[in-house]
Amino acid sequence: MSGGWKRHRVADTFFGVTVPEKPPAPLRANLRSEWMLDERVAFLNHGSFGALPRCVFDEQTEWRRRIEAEPVEILSRRREELIDSVNQQLGEWLGMKAADIGLVTNATEGINAILRSLDLSAGDEWVTTNHVYHAIRQAMKYTAGRAGAVYREIEIPLPVQSSEQVARLVLNGLSARTRLLVIDHITSPTALIFPVEQIIAGCAGRGVDVLVDGAHAPGMVPLDVERLGAAYYAGNLHKWTCAPRGSAFIWARRDRRERIHPLVISHYLGEGFAREFGWQGTRDLSAWLAIPRALRFMSELGWEAVMSHNHAMALWMNPMLCERWGVDSISPADGSMLGSMASVRAPRSCSRLATQELMVFQQRLYTEHGVEAPMMRWGDDVLLRPCCQVYNTPEDYERLARAMMQLRT
Ligand SMILES: Cc1ncc(COP(=O)(O)O)c(C=O)c1O
């Protein structure tokens with residue numbers, strides 16, 4: 001996978017920001033009809049919960065039907081064989097051995113499983129950055145706190161200058177007591193690709209294990225998990241892989257694998273990573289079993305084409321929105337830290353909005369303007385994080401640009 005993905009060519013400079021000449025051409029005519037999204041809405045929030053292609057929805061429905069027809073045959077006798085086949089296909093795509101994959105329902109569950117499995121002593125330190133996803137912040141604080149360990153965040157200020165700056169700040173922020181670094185592959189509030197390879201290499205030999213929170217990575221950037229060399233990796237498949245909600249994975253390096261167990265301890269404790277994670281009590285396996293259909297659908301579109309298209313759209317969208325709203329980009333102008341989304345500062349008048357007012361504002365954006373876009377507070381700023389998936393068109397972002405100007409307080 002890696003290596004084949006080319007960054008979009010950029011030209012022209014606008015407001016100090018490099019602007020592509022125009023948005024990318026659609027990957028295929030009428031792609032939106034492959035999804036089930038409401039036609040009336042400019043859906044710019046693929047990043048939160050994903051959106052299911054119709055064929056993947058049908059596949060999951062078919063698995064639910066088959067499970068109802070033969071519950072014991074599928075959930076019991078054929079379970080391991082079916083899960084192994086899913087893991088084989090997933091592993092082939094993302095550079096993991098099937099036996100090293102633990103299927104989970106979402107990244108929060110997977111990361112909790114890792115954190116709760118680790119031994120910690122009083123005074124040890126778990127570190128992440130201020131760009132961490134809040135649920136993971138809570139899980140780290142909670143788990144570290146129970147052992148009398150320290151939770152600490154390294155500050156990476158906006159605007160971010162470069163990948164090198166991020167790597168330097170993170171590595172300089174570690175201490176002799178740091179045992180674990182949780183680093184986002186692609187950050188949630190700020191939508192930045194962090195230089196995880198550089199950071200992992202810098203942690204080697206310093207007694208710091210790295211857990212990569214790759215919730216957004218599979219399907220947004222080329223990924224070879226084993227080659228990255230982290231101790232642990234967690235990824236969601238319901239986001240950019242377009243698999244059903246309830247499908248995610250964790251991976252642990254061979255020398256760390258035996259210590260990691262699911263949150264739910266069940267029959268197969270200690271009998272192998274994939275096996276142990278594959279049975280966490282009776283559950284609906286239809287989301288996991290439909291993962292291969294999502295892989296097939298997206299690879300038929302062409303992963304390289306999908307990633308390039310979405311990146312090119314983000315590269316065009318980011319400066320366009322900055323210019324329309326009169327704000328500066330929070331990331332380098334060449335788009336080198338962007339994948340398929342970009343966080344953009346909202347027009348300045350929005351920063352006055354309190355959290356509750358922000359929710360009302362976002363609801364009005366949806367109800368009155370038909371735009372679904374994530375919005376969040378970041379210090380004194382409000383950030384919007386429009387996402388780019390192949391079903392989006394330039395008009396979706398134009399609609400967002402106009403709506404924000406009409407709605408701003
Ligand atoms: C960086 C990051 N980590 C973890 C998560 C949690 O994902 P989930 O809610 O699927 O567990 C998200 C969700 O958006 C995220 O963006």
Side-chain angles (χ1 to χ4, degrees), residues 43-52 90 102-116 126-143 151 153-154 156 160 166 170 180-196 199 210-221 223 225 228 230 232-251 262-264 277 280 283 287-288 291 294 310 314 331 337-343 362 372-378 383-389:
F43 189 74
L44 302 177
N45 192 359
H46 191 88
S48 287
F49 308 121
L52 218 47
L90 186 60
L103 291 180
V104 287
T105 54
N106 54 57
T108 308
E109 182 197 316
I111 292 172
N112 267 275
I114 297 168
L115 297 176
R116 303 285 284 279
W126 279 3
V127 174
T128 184
T129 74
N130 59 325
H131 296 239
V132 70
Y133 185 70
H134 188 59
I136 305 307
R137 170 186 286 125
Q138 300 285 56
M140 289 180 73
K141 276 187 180 174
Y142 174 78
T143 317
Y151 167 85
E153 291 182 11
I154 297 166
I156 300 177
V160 167
V166 172
V170 170
L180 182 77
L181 170 70
V182 176
I183 193 78
D184 291 88
H185 199 156
I186 295 141
T187 61
S188 174
T190 46
L192 300 168
I193 300 177
F194 272 1
V196 287
I199 291 169
V210 180
L211 189 173
V212 180
D213 177 353
H216 280 279
M220 191 197 291
V221 292
L223 188 55
V225 173
L228 272 182
Y232 314 102
Y233 196 99
N236 264 332
L237 300 169
H238 71 257
K239 294 181 189 283
W240 300 93
T241 307
C242 293
R245 272 160 230 111
S247 56
F249 71 91
I250 62 166
W251 173 93
L263 288 176
V264 178
F277 276 87
Q280 300 184 46
R283 51 164 68 185
W288 292 353
I291 293 169
N310 295 345
S331 61
M337 294 185 75
L338 297 181
S340 305
M341 45 187 196
S343 279
Q362 194 173 10
E372 185 68 82
M375 261 177 121
M376 62 224 95
R377 184 155 281 293
W378 180 265
L383 298 178
L384 275 106
R385 192 197 64 188
C387 303
C388 309
Q389 186 49 286

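Computed over heavy atoms, backbone and side chain alike; hydrogens, waters and symmetry mates excluded. Counting starts at 1 for both ligands and their atoms, following the listed order.
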message: If you take the nearest heavy atom of each of L237, T108, V182, I136, which one is closest to atom 6 (C) of ligand 1?
response: T108
query: Does I156 offer a backbone N or O that forms a donor-acceptor pair with the side chain of H131 under 3.5 Å?
result: yes
query: Side chain, backbone, both or neither: which part of H238 has a heavy atom under 4.0 Å from ligand 1?
result: side chain
query: Any nitrogen or oxygen of H216, main chain or side chain, under 3.5 Å from a nitrogen or oxygen of ligand 1?
result: yes
message: With heavy-atom distances below 4.0 Å as the criterion, list the atoms of ligand 1 near S188.
response: 1 (C), 16 (O)
R385 side chain vs M341 backbone, donor-acceptor pair below 3.5 Å: no
field: Side-chain donor or acceptor of H46 paired with backbone N/O of C388 under 3.5 Å
entry: no
- prompt: Any idea which atoms of ligand 1 are less than 4.0 Å away from a heavy-atom of A107?
  reply: 7 (O), 10 (O), 11 (O)
statement: In ligand 1, the atoms that come under 4.0 Å of a heavy atom of N106 are 8 (P), 10 (O), 11 (O)
- request: Specify the protein heavy atom at minimum distance from atom 1 (C) of ligand 1: its residue, its atom name, and the distance to 0.1 Å.
  value: D184 OD2, 3.3 Å
query: Do any N/O atoms on D213 end up under 3.5 angstrom from N/O atoms on ligand 1?
result: yes
query: Taking the six-membered ring for Trp, are H185 and Y233 parallel (under 30°), tilted (30 to 60°) or perpendicular (over 60°)?
result: perpendicular
message: For ligand 1 and K239, I'd like to know whether there is a polar contact (N/O to N/O, distance under 3.5 Å).
response: yes
query: Under 3.5 Å, side chain of Q389 to main-chain N/O of N310, donor-acceptor pair present?
result: no
T143 side chain vs R116 backbone, donor-acceptor pair below 3.5 Å: no
message: Please check: side-chain N/O of D213 versus main-chain N/O of A215, any donor-acceptor pairing under 3.5 Å?
response: yes
query: Is there any N or O on N236 that sits under 3.5 Å from an N or O of ligand 1?
result: yes
